[in-house]
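Data block below; observations after.
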Amino acid sequence: MTKPNKFIVIEGLDGSGKSTQLKLITAHLQNAGIKYQHIHFPVMGEGYYGQLTAEFLRGDLGALDQVHPKIAALIFAGNRVEHLEQINQWLADGYVVIADRYVNSNIAFQCAKFDNQTEKDTLKKWILEFEYEFNLLPRPASSLFLDVPFASIKKSLTNQREGDDRAYLQGKSDIHEDSLDLQEKVRQEYLQMVKEQPDFHLIKCSDEKGNYLPPEQIHAEIKARFDQLNEG
Ligand SMILES: Nc1ncnc2c1ncn2[C@@H]1O[C@H](COP(=O)(O)OP(=O)(O)O)[C@@H](O)[C@H]1O
Ligand SMILES: Cc1cn([C@H]2C[C@H](O)[C@@H](COP(=O)(O)OP(=O)(O)O)O2)c(=O)[nH]c1=O
């Protein structure tokens, strides 16, 4: 299958600075006169799957251990199908397309809920086949994993998170963000995928002492990846 060459995905744990980096990279593309579009998955609050995703994350469909990870994966995958045509159109029109989360989020968060390696591997294979081969989602040219010190994730998730994008919670809490144990396991899934997928790159967001790097410094590395893609 040929890959669209201007599709980049930003991945990471909840509260890992994806929105911060998305703002910086879109400002850079804007200044450079490069036409781009971006999308954040899950797209909540619209469409049947968007509504289902919000219900799932605020716990209306059951607690973290009550919804089978394959069913949760199916909901997030359906949400992507609702926006598939739009992404394909952007790519056909020659835009650089940036997704804040994509298929690898589904693998990382849902496979992390299993302890057993065979169950993890089986679900990973299923998600990859279902989303790329059955639903025919475009494959990203490159995905970037923001590897942030876990202490900073803890801080970010224990602080009250605010903003319009929290409306889906309707005053409740997010079942993924509530579990730091899950977030730690999700990080392991991401690290494993970085090893397995040649187009998945780790962006180290800490210095040698383990301190969180400032946003601009992280941006410099991300920008270099984008510039490479645009030149290629
Ligand atoms: N490099 C950084 N150093 C310190 N704090 C950061 C950094 N990047 C983001 N933050 C802060 O961390 C929190 C989560 O960042 P955000 O970009 O909203 O993450 P996400 O989109 O992954 O949920 C915000 O309060 C943001 O200001
Ligand atoms: C896109 C996607 C997200 N998720 C998870 C990751 C997040 O915990 C949650 C929703 O993400 P969101 O709250 O938008 O992420 P962030 O806090 O990083 O801005 O859904 C999946 O499990 N599968 C998926 O396919």
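Ligands are counted one by one from 1 in listed order, and the atoms in each one are counted from 1 as well. Values below: all heavy atoms of this structure, side chains included; hydrogens, waters and symmetry mates excluded. Bear in mind that the values here come from a model prediction, so they are computed numbers and not experimental data.
At a heavy-atom distance under 4.0 Å, atoms from both the backbone and the side chain of F41 approach ligand 2. In I218, the part holding a heavy atom less than 4.0 Å from any atom of ligand 1 is the side chain. Contact annotation for V103 and ligand 2: no heavy atom of the residue comes within less than 4.0 Å of the ligand.
Each of the atoms 16 (P), 18 (O) of ligand 2 lies under 4.0 Å from some heavy atom of K18. Residue F109 approaches ligand 2 through these ligand atoms, each under 4.0 Å from one of its heavy atoms: 6 (C), 8 (O), 22 (O). Of all the atoms in ligand 2, the ones that sit under 4.0 Å from a non-hydrogen atom of H40 are 12 (P), 14 (O), 19 (O). Those atoms of ligand 2 that come under 4.0 Å of a heavy atom in Y168, given as number and element, are 13 (O). For ligand 1, the atoms lying closer than 4.0 Å to a non-hydrogen atom of S16 are 19 (O), 20 (P), 22 (O). Those atoms of ligand 2 with a heavy atom of E177 less than 4.0 angstrom away are 13 (O), 17 (O).
Applying the side-chain hydrogen bond (donor to acceptor under 3.5 Å, both in side chains) rule to K154 yields no partners; only residues at least two apart in sequence or on another chain are considered.
For atom 11 (O) of ligand 2, the choice among R101, R80, Q183 with the nearest heavy atom turns out to be R101. Across G17, S152, P149, P214, heavy-atom proximity to atom 16 (P) of ligand 1 is greatest for G17.
A salt bridge does not link K204 with E221: none of the charged nitrogens is closer than 4.0 Å to a carboxylate oxygen. In summary, R166 and D174 do not engage in a salt bridge, as defined by a charged side-chain N under 4.0 Å from a carboxylate O. A salt bridge links D60 with R58; the closest basic N to acidic carboxylate O contact falls under 4.0 Å. Here D227 pairs with K223 in a salt bridge; the nearest charged N to carboxylate O distance falls below 4.0 Å. We find that D65 and K113 are not joined by a salt bridge, their nearest charged nitrogen and carboxylate oxygen being 4.0 Å or further apart.
Looking at ligand 2, you'll find an N or O of N106 within less than 3.5 Å of one of its N or O atoms. For ligand 1, the polar-atom distance check finds no N/O of S156 at less than 3.5 Å from any of the ligand's N/O atoms. Remark: ligand 1 and T20 share an N or O pair separated by less than 3.5 Å (distance only, no angle test). Here's the thing with D14: one of its N/O atoms is less than 3.5 angstrom from an N/O atom of ligand 2. Checked against a 3.5 angstrom limit, the closest N/O atoms of D100 and ligand 1 fall outside it.
Listed by first and then second residue, the side-chain hydrogen bond (donor to acceptor under 3.5 Å, both in side chains) pairs that reach into residues 89-100 are H40-D100, Q89-D93, sequence neighbours excluded.
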So N79 and T53, side chain to side chain donor-acceptor pair (under 3.5 Å) or not? Walk me through it. CA-CA 8 Å; N79 182 236; T53 307; 4.5 Å; no
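When the shell of 6.0 Å around NZ of K155 is examined, it contains 12 or fewer heavy atoms from other residues, nucleotides or ligands. Environment of CD in E196: crowded, with over 12 heavy atoms of neighbouring residues, nucleotides or ligands closer than 6.0 Å. Around OH of Y49, the count of heavy atoms belonging to other residues, nucleotides or ligands within 6.0 Å does not exceed 12.
Ligand 2 has no atom lying under 4.0 Å from any heavy atom of F56.
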